[in-house]
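Okay, structure first, notes after.
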Amino acid sequence: MAETAQQEPEQATRRRPALSPSRAGDFKQCPLLYRFRAVDRLPEKATRAQVRGTVVHSVLERLYGLPTEQRDRQKAGDLLTPAWEEILAEQPELAELFEGPDDPELAKWLKSASGLLDAYFEMEDPQRLQPEACELRVETELPSGVLLRGFIDRVDVAPTGEIRLVDYKTGNAPREIGEAKAMFQMKFYALVLWRLRGEIPRQLLLMYLANKQKLAYSPDEDELRRFERTLEAIWQAILRAGKTGDFRPNPSKLCDYCDHKALCPAFGGTPPPYPGWPEDPATNEESILDRTD
């Protein structure tokens, strides 16, 4: 049976601030976006596509928790509605996405999620796989002192010991800029696993369910060392900005999709007063929606 994410150890006070792939990506894209999400913690409205991704991830995690012979398409379908209901119970505000349980849009949305499960079963046979872990929470400290945290969709370990990291994407395979963002996330996880286990993952596999495409990549040690230096530089830049509150906007085409555009100085807005660098390190955690791009 596949493991679920590692449980966070109990601590009497608070945990140290850490860097996650989503928050590192935010800072690279736009330092002000990082501030809005990680420091101000401004609310963002979830989209149907994001929540559908969360539901599909939940179904696949539950599926791999079943005995091998039960991991079939019918069972995955049976898990779909319960997964949505559990997520809705944890986040009641998601009910606003639909006009009640009888909304025909809800049925249509669940059907689209079912279609993504169809695609998954065309791409893989879960009865032939025995993952070491699903939705694995990982954390490690780099020699420089930077703390990294994240969640890996799936960790496969071959009988010969080679490690494969798998990430499910419920959208289409992206163009070059989106591909780079997705691989940044996977290199982050590869670095964490390497530092935790002393072995570089043999393969990083992205599975794009919407158009049934796979993107595989094999990192090497030199590349991960360079990537480690990149993360250290990002964290130092975050700390410098955190001391002064100087998180500058970086306008791009992505601004049209930002929930906080009205607050951005680049578009005539005014950010809320800077609250200071947060003592609560949970601000740097990934949310469920962060992990279901």
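Side chains included, hydrogens not; waters and symmetry mates left out as well; all remaining heavy atoms used.
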N/O donor-acceptor pair under 3.5 Å between [X] side chain and [Y] backbone:
X: Asp103; Y: Glu105; value: yes
X: Asp259; Y: Lys45; value: yes
X: Asp167; Y: Leu206; value: no
X: Arg48; Y: Leu97; value: yes
X: Lys75; Y: Leu66; value: no
X: Tyr64; Y: Glu132; value: no
X: Gln50; Y: Thr47; value: yes

For the residue pair [X] and [Y], establish whether any side-chain heavy-atom pair is separated by less than 4.5 Å.
X: Leu165; Y: Val155; result: yes
X: Arg35; Y: Pro272; result: yes
X: Ile163; Y: Asp156; result: no
X: Arg41; Y: Arg37; result: no
X: Phe247; Y: Pro271; result: no
X: Gln91; Y: Val51; result: no
X: Val56; Y: Leu209; result: yes

Would [X] and [Y] count as having a side-chain donor-acceptor pair, cut-off 3.5 Å?
X: Arg52; Y: Ser112; result: yes
X: Arg240; Y: Thr244; result: no
X: Gln130; Y: Thr68; result: yes
X: Arg154; Y: Tyr168; result: yes
X: Glu232; Y: Ser144; result: yes
X: Thr140; Y: Arg197; result: no

How close do [X] and [Y] get, counting heavy atoms only, and between which atoms?
X: Leu204; Y: Ala190; result: CD2-CB, 3.8 Å
X: Phe188; Y: Arg149; result: CE2-O, 3.5 Å
X: Pro31; Y: Asn250; result: CD-CB, 4.3 Å
X: Val166; Y: Asp153; result: O-CB, 3.2 Å
X: Ala24; Y: Leu231; result: CB-CD2, 4.5 Å
X: Ile200; Y: Pro219; result: CG2-O, 3.8 Å

Euclidean distance, [Y] [atom2] relative to [X] [atom1], rounded to 0.5 Å:
X: Leu80; Y: Glu85; atom1: CG; atom2: CD; result: 10.0 Å
X: Tyr34; Y: Gln29; atom1: OH; atom2: CD; result: 14.0 Å
X: Trp277; Y: Leu239; atom1: CH2; atom2: CG; result: 5.5 Å
X: Leu193; Y: Leu136; atom1: CG; atom2: CG; result: 7.0 Å
X: Ile234; Y: Phe27; atom1: CD1; atom2: CZ; result: 8.0 Å
X: Asn172; Y: Asn211; atom1: CG; atom2: CG; result: 4.0 Å

Apply salt bridge (charged side-chain N to carboxylate O under 4.0 Å, His left out) to the pair Glu86 and Arg62, showing each step before the final yes or no. CA-CA 12 Å; Glu86 182 175 306; Arg62 292 164 185 243; 2.7 Å; yes

Heavy atoms from other residues, nucleotides or ligands near [atom1] of [X] exceed 12 (cutoff 6.0 Å):
X: Arg73; atom1: CZ; answer: yes
X: Lys212; atom1: NZ; answer: no
X: Glu69; atom1: CD; answer: yes
X: Lys108; atom1: NZ; answer: no
X: Glu99; atom1: CD; answer: no
X: Gln74; atom1: CD; answer: no

Applying salt bridge (charged side-chain N to carboxylate O under 4.0 Å, His left out) to Glu141 and Arg195, what does each step give before you reach the verdict? CA-CA 8 Å; Glu141 183 177 341; Arg195 288 306 186 190; over 6 Å; no

Candidate pair Arg71 and Asp125, rule salt bridge (charged side-chain N to carboxylate O under 4.0 Å, His left out), full reasoning: CA-CA 9 Å; Arg71 297 179 200 157; Asp125 180 357; over 6 Å; no

Decide yes or no on side-chain contact (heavy atoms from CB on, under 4.5 Å) for Glu162 and Gln203, but give the supporting numbers first. CA-CA 8 Å; Glu162 292 92 347; Gln203 186 182 74; over 6 Å; no

Under the salt bridge (charged side-chain N to carboxylate O under 4.0 Å, His left out) criterion, do Arg225 and Asp222 qualify, and how do the steps go? CA-CA 5 Å; Arg225 289 190 185 280; Asp222 287 343; 5.3 Å; no

Residues Leu60, Tyr120; criterion side-chain contact (heavy atoms from CB on, under 4.5 Å); working and verdict: CA-CA 9 Å; Leu60 294 176; Tyr120 173 73; 3.7 Å; yes

Start with the C-alpha distance between Gln213 and Met123, add both sets of side-chain angles, then the distance that settles side-chain contact (heavy atoms from CB on, under 4.5 Å), and finish with yes or no. CA-CA 8 Å; Gln213 291 191 27; Met123 298 174 74; 5.8 Å; no

Pair Phe227-Phe184, ring-ring contact (aromatic ring centres under 6.0 Å, His included): steps then yes or no: CA-CA 9 Å; Phe227 187 74; Phe184 178 92; 5.1 Å; yes

With the threshold set at 4.0 Å, does a side-chain nitrogen-carboxylate oxygen contact exist between Arg137 and Glu139?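 Salt bridge: yes.
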
Parallel, tilted or perpendicular for Trp84 and Trp109, by the 30°/60° rule?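 If you compare the ring of Trp84 with that of Trp109, the planes turn out perpendicular.
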
ILVMFWY network linking Leu33 to Phe267, side-chain heavy atoms under 4.5 angstrom: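 Cluster IDs for Leu33 and Phe267 differ.
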
Test side chain to side chain donor-acceptor pair (under 3.5 Å) on Ser218 and Arg164 and set out the steps. CA-CA 9 Å; Ser218 297; Arg164 177 173 71 173; over 6 Å; no

Pair Thr270, Leu263 - check side-chain contact (heavy atoms from CB on, under 4.5 Å), show working. CA-CA 5 Å; Thr270 302; Leu263 297 174; over 6 Å; no

Cation-pi between Lys169 and Tyr208: NZ/CZ under 6.0 Å from ring centre and within 45° of the ring axis?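 No, Lys169 does not sit over the ring of Tyr208.
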
